[in-house]
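Notes to accompany the following structure.
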Amino acid sequence: MFVDQVKVYVKAGDGGNGIVAFRREIYVPMGGPAGGDGGNGGDIVFEVDEGLNTLMDFRYQRHFKAKRGENGMGKGMHGKNSEPLVLAVPPGTTVRDETTGEVIADLIEHKQRAVIAKGGRGGRGNIRFASPRNPAPEMAENGEPGVERDIQIELKLIADVGLVGFPSVGKSTLLSTVSAARPKIADYHFTTLSPNLGVVDTADQRSFVLADLPGLIEGAHEGVGLGHQFLRHVERTRVILHVLDMAATEGRDPYDDFVTINNELEQYDPTLLERPMIIVANKMDLPEAEEQLTFFKEQLEADYPIYPISTITKTGIRDLLFAVANKLDEIPKNYQPLEEKEDRVVYRFEKEKAAFSITRDPDGAFVLYGEKIEKLFKMTDLNRDESVQRFSRQLRSMGVDDALRERGATDGDTVRLLDYEFEFME
Ligand SMILES: Nc1nc2c(ncn2[C@@H]2O[C@H](COP(=O)(O)OP(=O)(O)OP(=O)(O)O)[C@@H](O)[C@H]2O)c(=O)[nH]1
Ligand SMILES: [Mg+2]
């Protein structure tokens, strides 16, 4: 099964907690702080595996969580960092943040890696809070929460050459003739429902990747037929082979076909027509083909190379492959980075997010929320007075007290933050 679009949820590992510990030495009652830091949580990492060409694995598992860091230990020992959770993706995988639309990674080369969600930093142990004023702090920090996000993964296959054309013109037959790929071939439309890749070796030892794509019909750019399913995968090919049924076995005019398909390509993405295109006049073994080809050439205005072939008698194939390989040699191998299309504009939050916001619950309690304040809260060890005191100092310096007062909070009012409740005190 071929899958080229999926949505998944990823959660990087939380940092391990720092701990409170003290050295125990025989003559020193409180031998100084000795609580180590927590280890870092594991990242979620995507890595390209050139052996893959579908996102099918993500079809079955849609939640991925990396391990949290180990907690700190006594004698100043750090907790262990967690290994990243590495997930293999095919070349041509683009990852976006589902909520913002922002591109997180565009993965092309074999073994290329990208961090999709960063693991949390380990919390600091009490050694790190020691100061001349407080040489024996009873306080440590919890680990930072790992990043969690919903992401959208999209695959645009990377092939040197893409086969485009109406259904049943012989695209799959051509691929099966020139490579070891064995796509389904039949005389009905839309035999090919998803792209097939094949490696083509020319007689002079050159090689390229050829993609057989589902047939295209009028209206494809609007989603008719297999629509975008097809067009998406043309985007990253360097040369387009436009296959025509030159024998007009289904009664259509080959030149009309040519114009119709180019029009669809252009509607989908105007830059597709700027790409080198080679016309493959197929089914030349059939009697009508010669005459149609002459007629086709008369109508063709632009200067495209035309290669008459027959996949049945295998004539013309060798020259066609040389022409393709020559064209590929002429153009840079560098694949162009993903360009944003207007209908998929990226929205970024330009403004730095507010550290916190305040609302009221129906019972009159004040509710604090916001990414930064929630993170600070999660990193606070609520079982220790000193940690709680530090947290309240942090809130004050963020301006939370003033903001609450401004909203009308008075002594004894309830303030909520996540699942925690405390009293406002003047
Ligand atoms: N006579 C003749 N028939 C051919 C030639 N190439 C392909 N065919 C036939 O055309 C029909 C369609 O071939 P496919 O390769 O499945 O066509 P396709 O372009 O992949 O079609 P879709 O996958 O439906 O888009 C099959 O019956 C093939 O045997 C050729 O060179 N000559
Ligand atoms: Mg086919």
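Atoms within a ligand are numbered from 1 in the order they appear, just like the ligands themselves. It should be emphasised that the depicted structure is a prediction, and the values quoted were computed from it without experimental measurement.
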Nearest-contact summary for [atom] - protein heavy atom, Å:
| atom | value |
| --- | --- |
| atom 3 (N) of ligand 1 | Ile312 CG1, 3.7 Å |
| atom 1 (N) of ligand 1 | Asp285 OD2, 3.0 Å |
| atom 25 (O) of ligand 1 | Lys171 NZ, 3.0 Å |

Under 6.0 Å between the ring centres of Phe356 and Tyr369?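 No; Tyr369 has its ring centre 6.0 Å or more from that of Phe356.
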
Ligand 1 versus [X]: contacting region, heavy-atom distance under 4.0 Å:
| X | value |
| --- | --- |
| Ala186 | backbone |
| Met284 | neither |
| Leu174 | neither |

Looking at non-hydrogen atoms alone, which of [options] comes nearest to [atom]?
| atom | options | result |
| --- | --- | --- |
| atom 23 (O) of ligand 1 | Thr192, Thr313, Ile217 | Thr192 |
| atom 24 (O) of ligand 1 | Thr249, Leu175, Thr191 | Thr191 |
| atom 13 (O) of ligand 1 | Thr173, Ile309, Asn196, Asp212 | Thr173 |

Is the closest heavy atom of Ser168 to ligand 1 under 4.0 Å?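 Yes, Ser168 has heavy atoms under 4.0 Å from ligand 1.
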
Run the side chain to side chain donor-acceptor pair (under 3.5 Å) test against Glu47 and tell me which residues pass, sequence neighbours left out.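 Scan of Glu47 (side chain to side chain donor-acceptor pair (under 3.5 Å), adjacent residues dropped) gives Arg113.
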
May I ask you to decide if the ring planes of Tyr304 and Phe258 are parallel, tilted or perpendicular, using 30° and 60° as cut-offs?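 It falls in the perpendicular class, over 60°.
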
Between OG1 of Thr192 and OG of Ser172, what angle is found at the Mg ion (ligand 2), rounded to 10 degrees?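 Between OG of Ser172 and OG1 of Thr192, the angle at the Mg ion (ligand 2) is about 90°.
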
If you count the atoms of ligand 1 from 1 in the order shown, which ones are under 4.0 Å from a heavy atom of Asp187?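 Heavy-atom distances to Asp187 below 4.0 Å select 27 (O).
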
Which residue pairs pass the side-chain hydrogen bond (donor to acceptor under 3.5 Å, both in side chains) test with at least one member in residues 240-251, sequence neighbours excluded?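 Applying side-chain hydrogen bond (donor to acceptor under 3.5 Å, both in side chains) to every pair that reaches into residues 240-251, excluding sequence neighbours, yields His189-Glu250, His242-Asn262, Asp245-Thr249, Glu250-Arg252.
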
